[in-house]
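We name chains A, B, ... by the order of the sequence lines, and we start the count at 1 in each one.
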Protein chains: 2
Amino acid sequence: MSLKFALLALLTGSPMTGYEIGKSFDASVGHVWNAPGSQIYPELRRLANAGLLNVEEVPEGRRKKIYSVTAAGRESLREWMNSPSTPEPTRENHFLKAAYLDWADPEAAQAQLQLWLAAFTQRLHIVEAVRDSLLNGTHPILRERLRTLPTDQHEAATAFKVFAFEGMAEEARQKIAWAERGLELLARLERTPARPADAPATQTARVTT
Amino acid sequence: MSLKFALLALLTGSPMTGYEIGKSFDASVGHVWNAPGSQIYPELRRLANAGLLNVEEVPEGRRKKIYSVTAAGRESLREWMNSPSTPEPTRENHFLKAAYLDWADPEAAQAQLQLWLAAFTQRLHIVEAVRDSLLNGTHPILRERLRTLPTDQHEAATAFKVFAFEGMAEEARQKIAWAERGLELLARLERTPARPADAPATQTARVTT
DNA sequence: AGCTTCATGTAATCCGTTACATGATTCC
DNA sequence: GGAATCATGTAACGGATTACATGAAGCT
């Protein structure tokens, strides 16, 4: 339901084309909300039809459309922000899989845990980079946004974005630690299980692989 | 895509009816994966048609169907477990909203943060309770599952489930701390901003509400 | 001339949510 | 007899993913 509000929120920063929104999603913002072009363009049009967005067509050569938020759009965003939302029920692939990792071959389990580790590490880097750019005034969208805001609101606008990205960073750190513990668990289990109580203690033989 | 595997995984524990699966979702398992009956029943039928599940109809009075996993179903599950999955792109409502909380009225922002706090706290309790029941052998589904498994695989089957639920617990704890920091931030911002540099320092007047 | 990037979209399909329908059994 | 729980579903809709289509601008 909230692609709508993700778009409205983004466009309050500064007017943009659908293409640029897609780029933003691919870069920083995509870790807050993500969507492919095939979802962005139709949604933008719907929002424009509903009067929440303004379209400025730029027909000089290119056929591009710059969207900006109307007063009604700003009102709609404010309304959403003021109405409480409950967190959605969890539906995270990795927890489901983790709970049944004993079904996987040990190598596959290890590969999966390492893949998670890599993915969450990468996410952490990106999210920390965004947070830093918010703090040191490098973030282009926030920068634009602040230009249109009275100075006494700069702190809040910045602080909440930093707050959100700090939250994502923490989550990433937590999952990194979690994946590492998973690898340890796997190693521990592999050292013990299929031994029928009387196998020799020659663990040093299985060093490779 | 993984309701399919959630169902297969659950049913490897012990055969069940769609209704019982729904109950499990509402109780413990729902924090790993959740779905309403309207999604469960059709999916079960599809899986049965695909030969991954076995249906035992119990026509004695009730019209109920007990589903169990076939060899093909077990194979399909194993295949999924052995093929790596990348974590899905984030699309979490609360981070999106948090990033733009300056758009909300302070009271609404506070209410929202408190709602998150309450929801994550509740989630933490449930998830910890499940983890405990896994550890002390009270968890009914795991119990059933272990009955059909050789003893030397008990440890792994239990450990991975504990691992998953510990991960969820940590995530919940992290989000609780995050929401609390959000409340502090909000309080801090409310103490300072709209003051045009020469307002009196009589903060004690605003104690109520 | 050909590749990359900019820029916008359609179509099919799938997954998920909400609302509603139905009827049997069990408990009070 | 009436309410709660057991048990299974249908229908409509909306949101998301994947694949494909199109064409201009700019660079090499």
Gap between atoms OH and P, on B:Tyr41 and D:dT10 respectively (whole Å): 12 Å
On a heavy-atom basis, the closest approach of B:Leu149 and B:His154 is O-NE2, 3.0 Å
Are side-chain heavy atoms of A:Leu10 and A:Met16 found at a separation under 4.5 Å? yes
I'd like to check the side chain to side chain contact (heavy atoms under 4.5 Å, CB included) partners of B:Thr138; sequence neighbours left out, ordered by chain and number. B:Ser133, B:Asn136
All heavy atoms of B:Thr70 vs all of B:Leu53, minimum pair found to be CG2-C, 3.6 Å
Using a heavy-atom distance cut-off of less than 4.0 Å, which residues of residues 10-27 of chain A contact DNA chain C? A:Thr17, A:Gly18, A:Tyr19, A:Lys23
Please report whether the ring centroid of B:Trp33 lies less than 6.0 Å from that of B:Phe5. no
Reading nucleotides 15-22 of chain C 5' to 3', which nucleotides get B (base under 4.0 Å from a protein heavy atom), which S (sugar-phosphate only), which -? SBBBB--B
Find the distance A:Glu57:CD to C:dG9:C1' and express it as a whole number of Å. 14 Å
Taking every heavy atom of A:Ala104 against every heavy atom of B:Asn82, the minimum-distance pair comes out as CA-OD1, 3.4 Å
Correct closest heavy-atom pair for B:Phe165 and B:Val127 would be O-CG1, 3.2 Å
For B:Gln174 and A:Gln174, which I'm curious about, is there any donor-acceptor pair between the side chains at under 3.5 Å? no
Take the protein atom CZ of A:Arg45 and the nucleotide atom P of D:dG15, then report the distance between them rounded to whole Å. 17 Å
Can you name the nearest heavy-atom pair linking A:Ile21 to A:Leu11, along with the distance? CD1-CD2, 3.9 Å
Below the 4.0 Å mark, does D:dG9 have OP1 or OP2 next to a side-chain nitrogen or oxygen of B:Lys65? yes
Just how far, in rounded Å, is P of D:dT8 from CG of B:Leu53? 13 Å
Distance-only donor-acceptor hits, side chain of residues 115-125 of chain A, under 3.5 Å, sequence neighbours excluded:
from	atom 1	to	atom 2	distance (Å)
A:Thr121	OG1	A:Leu117	O	2.6
A:Arg123	NH2	B:Glu88	O	3.3

Please work out which residues in residues 74-88 of chain A have a non-hydrogen atom less than 4.0 Å from an atom of DNA chain C and list them by number. none
Pair up each side-chain donor or acceptor in residues 94-101 of chain B with any protein partner under 3.5 Å, not counting sequence neighbours, and list the distances.
from	atom 1	to	atom 2	distance (Å)
B:His94	NE2	B:Lys175	NZ	3.0
B:Lys97	NZ	A:Trp80	O	3.2
B:Lys97	NZ	A:Ser83	O	2.5
B:Lys97	NZ	A:Ser85	OG	2.5
B:Lys97	NZ	B:Gln112	OE1	3.0

What is the distance, to the nearest angstrom, from the CD1 atom on B:Ile40 to the C1' atom on D:dC6? 14 Å
How many Å lie between NZ on B:Lys4 and P on C:dT13, as a whole number? 18 Å
